[in-house]
Amino acid sequence: MNAHIKYRIGKSRGFQALTIVLACACVVPLIAILAYIFKEGITKINWHFFTNVPKPVGEPGGGIANALLGSVIVISVASLIAIPVGILCGIYLSENKTTKLAYWCGLCVDVLQGVPSIVIGIIAYFWLVKPFGSFSALSGSIALSIMMLPIVIRSTEETLKLLPDSLKEAAFALGMPFHRVILKVIVPCGISGILSGVMLSVARIAGETAPLLFTAFGNPYLSVSITKPMQTLPLLIFNYATSPYNDWHDLAWGASLVLLAWVLLLNIITKITTRKWKVQL
Amino acid sequence: MESTIVSTKGFNAYFGTNHVVKDVNIDIPQNNVVAVMGPSGCGKTTFLRCINRMHELIPGATANGTIMLHNENVYDMHPIFVRLKIGMVFQRPNPFPNLSIYDNVIAGYKLNGIKLPKEEKDRIVEHSLTKSALWNEVKDALHKKGNFLSGGQQQRLCIARAIAMEPEVLLLDEPTSALDPISTSSIEALLHDLKKNYTLIIVTHNMQQAARVSDRTAFFYLGELVEYDDTKKMFTNPKDTRTQNYITGRFS
């Protein structure tokens with residue numbers, strides 16, 4: 001009797017230990033990547049790294065100013081396109097659960113989420129770059145905005161679906177028209193969920209390379225024109241890491257660290273804002 | 001003779017093909033409390049929600065017949081005007097969680113984009129909260145969110161929100177069913193005061209409550225209005241055997 005119970009307790013402890021070990025094992029690769037990139041990248045980063053554009057091979061002191069600015073511009077334009085469209089689509093899906101349009105729209109969103117990013121890049125190339133005859137930051141932004149859409153739509157939809165109907169009824173009973181019910185009650189109450197979806201989608205596309213390869217293309221100079229090719233962080237890393245020069249490898253390592261820090265920061269901000277803006281129901 | 005404020009003729013309501021309110025004819029006198037009672041699923045809540053046209057918001061819900069507010073058919077009016085004139089309090093307290101207590105009370109103005117001077121807003125907030133017997137409890141916390149309030153206080157906040165719009169009729173859909181006895185009695189006392197200025201229609205499945213708070217009572221059974229009379233008469237000398245059975249607890 002006693003021996004049997006001891007055996008069972010031992011088995012239970014063993015299982016617990018196994019879950020802990022495996023949980024730690026999941027974190028190891030992440031820590032290892034972070035540590036390695038930090039080690040390689042931190043020595044290359046200094047003030048000039050952020051303010052200079054890349055120099056030709058052999059000249060010391062090149063930086064990633066153009067890529068940093070380019071990334072900010074490309075992502076901002078992508079967000080300007082994807083966020084309003086995505087949120088409105090999410091509102092539609094959460095408000096109309098049974099219509100045919102909602103069904104097909106939801107299906108398309110799911111399929112879109114599964115489309116490989118390189119395919120989106122090629123499509124943007126054929127639909128935007130070829131007809132206009134030039135690589136451009138705008139075409140890259142559009143490709144990225146397509147990648148953002150499913151994340152924004154789904155997170156908005158799921159957040160709003162969780163809000164109780166009683167809230168909407170309260171608003172309707174006060175004589176509010178539909179658009180005010182949505183904009184003044186439903187969206188403010190779900191704002192933390194919507195925001196976190198938006199932030200995650202930005203973090204997601206910040207590191208996307210494939211859709212930019214044949215659209216934003218890259219550019220070794222500082223450029224702010226969205227109709228011209230533009231350098232971005234992932235493109236710079238891709239181009240410089242595959243080059244044969246050590247100076248350029250250094251730039252790529254530094255840029256990797258900056259990109260990683262950026263994405264990490266976005267995730268942390270998301271966590272904080274979600275908690276802060278959370279509406280207690 | 002009291003004047004009639006709401007009257008219905010041949011009113012029917014449906015969920016899809018399900019006929020839930022059947023040919024209801026009823027006259028609601030002004031400044032009265034009218035209780036609508038009946039067993040679960042008898043269509044009393046649906047009927048109530050038809051009066052301010054909340055029923056039609058549910059997919060598949062339809063209605064026909066007339067409901068007159070004074071001399072106007074609410075089904076010919078725009079639902080927004082109907083709901084401004086006929087306020088509603090729900091079964092569960094549902095204050096807006098993103099707004100302060102103050103903003104909750106004037107939500108009907110604020111969220112509808114009606115601009116008011118600050119003194120006017122202050123006046124409305126104090127007046128409504130006083131009427132709903134909540135002013136003394138929250139006057140020091142007006143600009144805090146309402147989550148710390150108890151269920152009963154939240155329900156009184158919802159009543160304040162409804163009467164802030166100065167409606168003519170106030171619909172209450174089992175306003176105390178989610179509350180404890182103490183909160184229930186404070187809300188019942190409140191109803192008594194409110195009828196001086198408003199006409200109240202209260203849905204309840206609690207017979208004692210109907211007897212306590214109402215001037216007239218309507219008894220619904222399986223979607224039909226079985227009996228509608230003075231509350232006293234109804235509870236002491238019901239005409240219909242179904243009413244009698246319900247009141248004496250032979251079915252529920």
Side-chain angles (χ1 to χ4, degrees), chain A residues 87 90-106 156-198 273-281, chain B residues 45 48-49 51-60 77-99 103-114 144-149 154-155 157-158 161-167 170-173 178:
Chain A
I87 290 179
I91 290 172
Y92 176 80
L93 287 181
S94 77
E95 288 299 312
N96 302 274
K97 291 161 192 128
T98 49
T99 60
K100 262 212 172 94
L101 179 61
Y103 173 78
W104 287 107
C105 195
T156 306
E157 183 195 355
E158 296 304 325
T159 308
L160 298 189
K161 267 187 183 165
L162 287 180
L163 293 177
D165 281 343
S166 64
L167 213 57
K168 222 185 305 165
E169 289 195 326
F172 275 121
L174 287 172
M176 280 187 221
F178 179 73
H179 71 277
R180 282 194 173 270
V181 174
I182 298 296
L183 295 178
K184 298 281 175 176
V185 177
I186 300 299
V187 169
C189 286
I191 192 71
S192 82
I194 295 174
L195 267 185
S196 91
V198 165
T273 47
T274 335
R275 211 173 304 146
K276 202 168 165 202
W277 293 48
K278 181 111 191 134
V279 173
Q280 283 290 320
L281 290 174
Chain B
T45 293
L48 192 79
R49 291 168 61 93
I51 300 176
N52 69 343
R53 299 191 55 182
M54 292 291 285
H55 173 65
E56 66 202 46
L57 295 176
I58 299 164
M77 293 160 75
H78 196 281
I80 287 173
F81 293 117
V82 177
R83 292 175 200 143
L84 289 175
K85 288 188 176 174
I86 306 181
M88 186 162 199
V89 175
F90 295 86
Q91 197 164 353
R92 291 186 163 277
N94 54 359
F96 297 120
N98 55 327
L99 299 181
D103 286 341
N104 254 296
V105 177
I106 52 163
Y109 298 96
K110 188 184 160 79
L111 302 183
N112 268 319
I114 302 168
K144 280 194 205 159
K145 297 248 165 85
N147 339 62
F148 70 92
L149 297 175
Q154 288 189 16
Q155 193 62 298
L157 179 58
C158 292
R161 178 176 70 190
I163 60 183
M165 299 303 290
E166 294 294 337
L170 193 58
L171 309 175
L172 302 118
D173 181 9

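Every heavy atom of this structure was used, including side-chain atoms; hydrogens, water molecules and symmetry mates were not. Worth saying up front: this structure is predicted, and the values here are computed from it rather than measured. Quick note on labels: first sequence line is chain A, next is B, and so on, each numbered from 1.
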Check: Can any side-chain N or O of B:N94 pair as donor or acceptor with the backbone N or O of A:S166 at less than 3.5 Å?
Finding: yes
Margin query: Tell me whether the count of non-hydrogen atoms from other residues, nucleotides or ligands lying under 6.0 Å of NZ in B:K110 goes above 12.
Written below: no
Checklist line | Rounded distance [0.5 Å steps], CD in A:E169 versus CE in B:M88 | finding: 7.5 Å
Check: Counting only heavy atoms not in B:K144, do more than 12 sit closer than 6.0 Å to its NZ atom?
Finding: no
Item checked: Side-chain heavy-atom pair B:L99, A:P188 within 4.5 angstrom cut-off -> no
Next item on the list: Below 4.5 Å from any heavy atom of chain A, which atoms of B:N147 appear? Answer side chain, backbone, both or neither.
Entry: side chain
Next item on the list: Just give me the residue among B:N112, B:V89, B:I80, B:L171 that pairs up with chain A most often, heavy atom to heavy atom, under 4.5 Å.
Entry: B:N112
Next item on the list: Output the distance between atom CG (A:L174) and atom CZ (B:F96), rounded to the nearest 0.5 Å.
Entry: 5.0 Å
Check: How long is the gap from CG on A:D165 to CG on B:L57, to the nearest 0.5 Å?
Finding: 10.5 Å
Notebook entry, point to check: Roughly how far, to the nearest 0.5 Å, is CZ of B:R49 from CZ of A:F172?
Noted result: 11.0 Å
Note to self: Which atoms of B:P167 are under 4.5 Å from chain A, going by heavy atoms: the side chain, the backbone, both sets, or neither?
What the structure shows: neither
Notebook entry, point to check: Would the number of heavy atoms belonging to other residues, nucleotides or ligands and lying under 6.0 Å from CZ of B:F81 be above 12?
Noted result: no
Check: How about A:V185 and B:L111: do any of their side-chain heavy atoms sit closer than 4.5 Å?
Finding: yes
Notebook entry, point to check: If you count heavy-atom pairs under 4.5 Å with chain A, which of B:R161, B:R92, B:M165 comes out on top?
Noted result: B:R161
Notebook entry, point to check: What distance do B:N98 atom CG and A:S192 atom OG have between them, rounded to the nearest 0.5 Å?
Noted result: 11.5 Å
Next item on the list: Heavy-atom pairs under 4.5 Å with chain B are the metric here; pick the option from A:G175, A:A171, A:P164, A:P177 that has the most.
Entry: A:G175
Checklist line | Within 6.0 angstrom of A:K161 NZ, more than 12 heavy atoms from elsewhere | finding: yes
Check: Is chain A contacted by the side chain of B:A164, its backbone, both, or neither, given a heavy-atom distance below 4.5 Å?
Finding: neither
Check: When rounded to the nearest 0.5 angstrom, what distance separates CE in A:M176 from CG in B:L84?
Finding: 10.0 Å
